[in-house]
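Position 1 is the first residue of the sequence, and the numbers go up from there.
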Amino acid sequence: METFIKGTYKKNIFSSNDGFTVGLIKIKDTNDQDLTDYNDKLFTFTGLFAELKLEEDYIFYGEVIDNLKYGLQYKVTKYEKIMPQDKDGLITFLSSDIFPKVGEKTAKNIVECLGENCLDKISSDYECLLKVPKMTEKKAMEIHSRLVKYNESYQTVIYLVNFGFSMKDALKIYNHYYEDTIRVVENNPYELIDTIDGISFNKIDELREKTNVSVDDERRIEALIISIMKNICFQKGDTYLDFNTIYSAVTSVYELDINEEKVKYYLIMLCQLGKIIIEDDKYILYSYYKAENYISTSVYNITNKEDVKIKDIDLKIERLELFFDIKYNEEQIKAIKQALVKNFSIITGGPGTGKSATSLVVK
C-alpha cells in the first residue's frame, strides 16, 4: 500500500537550485502506522519539488527513513498540491500574496458569487469573475492569469513524472521550457537530448511510444546517429568516424531498414543543423570539433611565444642533481632544458626511461 502524509508546509530548512528541499510539514492525516503519533505535529521531509509555498497544504507520498545524522525524516517520492475546498480556505487563498490586488473583501465576494468550486471556474474562463460586484475585466484577467500560472509548474512537472521522467529530470525540463514543456515533449522529445544534461537517446526512445513520433521519424534518426557517434567515439577513443562505421552501427544496433543514401542524407542534414562537421569524408561531432580546435589553437599560440630565458641553466641543473642525489643522462638534460625554456613541451618515453625523474625537476 502506498503511504502518504497530508498536511501544511510550515518551514523551509534547505532548498537547492535543482529543487531538492528539506522542510517541516505539520501532519494532519497519514496512513503510515509509524507516524500515527505525529498527527498535528511537525515532521521533517525531504525530496525534489517543482515549487512549494509555505502555509499551503500538500499530500506527500513516500516512506519514513532514519537518517544517521538527522534522525527520522519522510522521504518524498511524489506529491500533490491540495487546493482549498471550504469557504474560509478559499477566501484565505484568494487574498494571499499570490493575488496581490485581491483583498479579503474581494475574495469573499468571489467565493460567495461563484461558490466553492470557484477556482475551477476561474481557471477555465476569466469572464466568470465579471459576475462579481465591482470586478473589472482587467482585474479578472489578472486573477485568471495568476491562478493558471500558479497551477502550471506543478501540473507540468507531475505530467512529466507520469510520462516517465524522474522528478529531478522533470524539474530540469520544466525549468528550461516552462509553458512550452508539454508541446516539446509530445511533438519532439528528442530535442531534450540536446538541451537537458543527463537525458540520453535511450531514455527518450523508451518513452517514444507515448508520443506521435514514429520509428522512422527524421528527428529520431538524427538523434540516433548522434547517439551512435558519441558511443563509438567514447568506446574507441576516436574524435571522428568514417561513413562505413556509422552506417554499419545505425543498421545493426537498431535494425533499421535504411540504405546508405538515406544515412548520407541525414548526415548532411545534421551538418546543416550544426551538430556535426564533415571534412574529407570524416564525420565529427561539433562539440568534439570545437574542443579540438580550441586545443590546437591554444597549443599553437603557446608554442609561438618567445622562449623563456634562464641564466646559468646548466649550473642550476647540476645543483638539482646534487639536491636530488641523481644523475641525468643527455636525453633527460635536453628534456629538462626544453621543458623549462619552451612554453609548451611534451615528455614521452617507455617505462623506466626516466620520465618521472625528469618531470620532478620541471614541476
Colleague: Around atom CG of Asp281, are there more than 12 heavy atoms of other residues, nucleotides or ligands at under 6.0 Å?
Modeller: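 Open.
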Colleague: Under 3.5 Å, is there a donor-acceptor pair between the Asn202 and Ser200 side chains?
Modeller: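 Short answer, no.
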Colleague: Taking it one step at a time, do Ile110 and Ile122 satisfy side chain to side chain contact (heavy atoms under 4.5 Å, CB included)?
Modeller: CA-CA 10 Å; Ile110 292 172; Ile122 296 169; 4.0 Å; yes
Colleague: Is the closest side-chain donor-acceptor distance between Tyr126 and Glu142 under 3.5 Å?
Modeller: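 On atom types as modelled, these side chains do not qualify, holding no pair under 3.5 Å.
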Colleague: Do Lys81 and Tyr58 meet the cation-pi criteria used here (NZ or CZ under 6.0 Å from the six-membered ring centre, within 45° of the axis)?
Modeller: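 No cation-pi geometry.
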Colleague: Are there over 12 heavy-atom neighbours, none belonging to Lys210, within less than 6.0 Å of that residue's NZ?
Modeller: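 Yes, the 6.0 Å shell around NZ holds more than 12 heavy atoms from other groups.
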Colleague: Do Tyr240 and Glu292 have side-chain N/O donor and acceptor atoms under 3.5 Å apart?
Modeller: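 Per modelled atom types, Tyr240 and Glu292 side chains form no pair under 3.5 Å.
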Colleague: Got more than 12 heavy atoms from elsewhere within 6.0 Å of OH, Tyr266?
Modeller: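 More than 12 within 6.0 Å, yes.
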Colleague: Answer yes or no: does atom CG of Asn212 have more than 12 heavy-atom neighbours from other residues, nucleotides or ligands under 6.0 Å?
Modeller: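 No, because the 6.0 Å sphere around CG of Asn212 holds 12 heavy atoms or fewer from other groups.
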Colleague: Determine whether Arg219 and Asp217 satisfy the following criterion, salt bridge (Lys or Arg N to Asp or Glu O under 4.0 Å), listing intermediate values before the conclusion.
Modeller: CA-CA 6 Å; Arg219 296 165 300 180; Asp217 188 287; 3.0 Å; yes
Colleague: Quick check on Tyr38: does its OH atom have over 12 non-hydrogen neighbours (other residues, nucleotides or ligands) under 6.0 Å away?
Modeller: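 Result for OH/Tyr38: open.
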Colleague: Using atom types as modelled and distance alone, determine if a side-chain donor or acceptor of Thr3 lies under 3.5 Å from a backbone N or O of Gly62.
Modeller: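 Yes: the side chain of Thr3 pairs with the backbone of Gly62.
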Colleague: For residues 311-324, pull every pair meeting side-chain hydrogen bond (donor to acceptor under 3.5 Å, both in side chains), keeping only residues two or more places apart or in separate chains.
Modeller: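 Counting only pairs at least two positions apart or across chains, the side-chain hydrogen bond (donor to acceptor under 3.5 Å, both in side chains) contacts touching residues 311-324 are Asp314-Lys337.
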Colleague: Other residues, nucleotides and ligands only: do more than 12 of their heavy atoms fall within 6.0 Å of CG on Asp197?
Modeller: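 Atom CG in Asp197 is not packed in, count stays at 12 or less.
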Colleague: Check whether NZ of the Lys or CZ of the Arg Lys275 lies under 6.0 Å from the centre of the six-membered ring of Tyr286 and within 45 degrees of that ring's axis.
Modeller: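 No cation-pi geometry.
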Colleague: Is it true that atom NZ of Lys230 has more than 12 heavy atoms of other residues, nucleotides or ligands lying nearer than 6.0 Å?
Modeller: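 No, the 6.0 Å shell around NZ holds no more than 12 heavy atoms from other groups.
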Colleague: Please determine, by modelled atom types, if Ser15 and Asn12 share a side-chain donor-acceptor pair under 3.5 angstrom.
Modeller: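 A pair is found: one side chain offers a donor N or O, the other an acceptor, under 3.5 Å apart.
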Colleague: Answer yes or no: does atom CD1 of Ile346 have more than 12 heavy-atom neighbours from other residues, nucleotides or ligands under 6.0 Å?
Modeller: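 Check fails, neighbour count at 12 or below.
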Colleague: Any donor and acceptor pair, going by atom type alone, linking the side chain of Asn67 with main-chain N or O of Lys69 inside 3.5 Å?
Modeller: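 Looks like yes, one N/O pair under 3.5 Å.
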Colleague: According to a 4.5 Å side-chain heavy-atom criterion applied to Ile, Leu, Val, Met, Phe, Trp and Tyr, with indirect links allowed, do Tyr265 and Ile278 form part of one hydrophobic cluster?
Modeller: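 Per the 4.5 Å side-chain linkage, Tyr265 and Ile278 are co-clustered.
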Colleague: State whether a side-chain donor-acceptor pair under 3.5 Å links Asp57 with Thr8.
Modeller: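 Checked: Asp57/Thr8 side chains pair up, N/O donor to acceptor below 3.5 Å.
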Colleague: Any Lys/Arg nitrogen of Asp40 or Lys28 sitting under 4.0 Å from an Asp/Glu carboxylate oxygen of the other?
Modeller: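 Salt bridge: no.
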Colleague: Mark yes or no for whether Asn31, through its side chain, and Phe4, through its backbone, hold a donor-acceptor pair below 3.5 Å.
Modeller: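 A pair under 3.5 Å: yes.
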Colleague: Test your reading of the model: is there a side-chain donor-acceptor pair from Thr106 to the backbone of Val102, 3.5 Å cut-off?
Modeller: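 Here the side-chain-to-backbone pair does not exist.
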Colleague: Would you say Arg146's side chain and Phe99's backbone share a donor-acceptor pair under 3.5 angstrom?
Modeller: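 No.
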Colleague: Give a yes or no on whether the backbone of Thr297 and the side-chain of Asn301 come within a donor-acceptor separation of less than 3.5 Å.
Modeller: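 Checking the backbone N and O of Thr297 against the side chain of Asn301, a donor-acceptor pair under 3.5 Å is found.
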Colleague: Does a donor on one side chain and an acceptor on the other come within less than 3.5 Å for Thr195 and Tyr177?
Modeller: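 Their side chains do contain a donor-acceptor pair, which is all the 3.5 Å distance test asks for.
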Colleague: Does anything in residues 102-129 pair up under salt bridge (charged side-chain N to carboxylate O under 4.0 Å, His left out), and if so which pairs, sequence neighbours excluded?
Modeller: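 Residue pairs with at least one partner in residues 102-129: Lys87-Glu112.
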Colleague: If two hydrophobic side chains count as joined below 4.5 Å and joins carry through other members, does Tyr9 share a cluster with Ile158?
Modeller: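 They do share one cluster, since a chain of ILVMFWY contacts under 4.5 Å joins Tyr9 to Ile158.
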Colleague: Take Glu2 and Lys78 through the test salt bridge (Lys or Arg N to Asp or Glu O under 4.0 Å) and record every step on the way to the result.
Modeller: CA-CA 11 Å; Glu2 192 172 36; Lys78 64 178 182 178; 3.2 Å; yes
Colleague: Shared ILVMFWY cluster between Met141 and Tyr150, side chains joined below 4.5 angstrom?
Modeller: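 No, separate clusters.
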Colleague: Under a single-linkage definition using a 4.5 Å side-chain heavy-atom cutoff for Ile, Leu, Val, Met, Phe, Trp and Tyr, are Ile258 and Ile268 assigned to the same hydrophobic cluster?
Modeller: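 Different clusters.
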Colleague: Looking at Phe45, is Lys75 sitting on its ring face, NZ or CZ under 6.0 Å from the six-membered ring centre and within 45 degrees of the normal?
Modeller: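 No; the conditions do not both hold, so Lys75 does not lie above the ring face of Phe45.
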Colleague: Does NZ or CZ of Lys342 come closer than 6.0 Å to the centre of the six-membered ring of Phe344, within 45° of the ring's axis?
Modeller: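 Because its charged atom misses either the 6.0 Å distance or the 45° angle limit, Lys342 does not stack over Phe344.
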Colleague: Of Phe49, Tyr74, Phe43, which is the lone residue that meets ring pair (Phe, Tyr, Trp, His ring centres under 6.0 Å) with Phe60?
Modeller: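 Exactly one candidate clears the test, Phe49.
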Colleague: Would you check if there is a donor-acceptor pair between the side chains of Asp205 and Tyr190 at a distance under 3.5 Å?
Modeller: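 Indeed, the side chains of Tyr190 and Asp205 share at least one donor-acceptor pair under 3.5 Å.
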Colleague: Among Asp37, Thr36, Asp32, which residue meets the side-chain contact (heavy atoms from CB on, under 4.5 Å) test with Asp34?
Modeller: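 Filter result, single survivor: Asp32.
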Colleague: Grouping I, L, V, M, F, W and Y whenever their side-chain heavy atoms are under 4.5 Å apart, do Ile59 and Leu48 come out in a common cluster?
Modeller: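 No, no single cluster joins them.
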Colleague: Check the pair Tyr289 / Tyr294 against ring pair (Phe, Tyr, Trp, His ring centres under 6.0 Å), numbers first and verdict last.
Modeller: CA-CA 9 Å; Tyr289 182 86; Tyr294 172 78; over 10 Å; no
Colleague: May I ask you to check whether Tyr174 and Glu152 show a side-chain donor-acceptor distance below 3.5 Å?
Modeller: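 Checked: Tyr174/Glu152 side chains pair up, N/O donor to acceptor below 3.5 Å.
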Colleague: If you take the centroid of each ring, where Trp contributes its six-membered ring, are Phe165 and Tyr159 closer together than 6.0 Å?
Modeller: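 Tyr159 vs Phe165: aromatic centres not under 6.0 Å.
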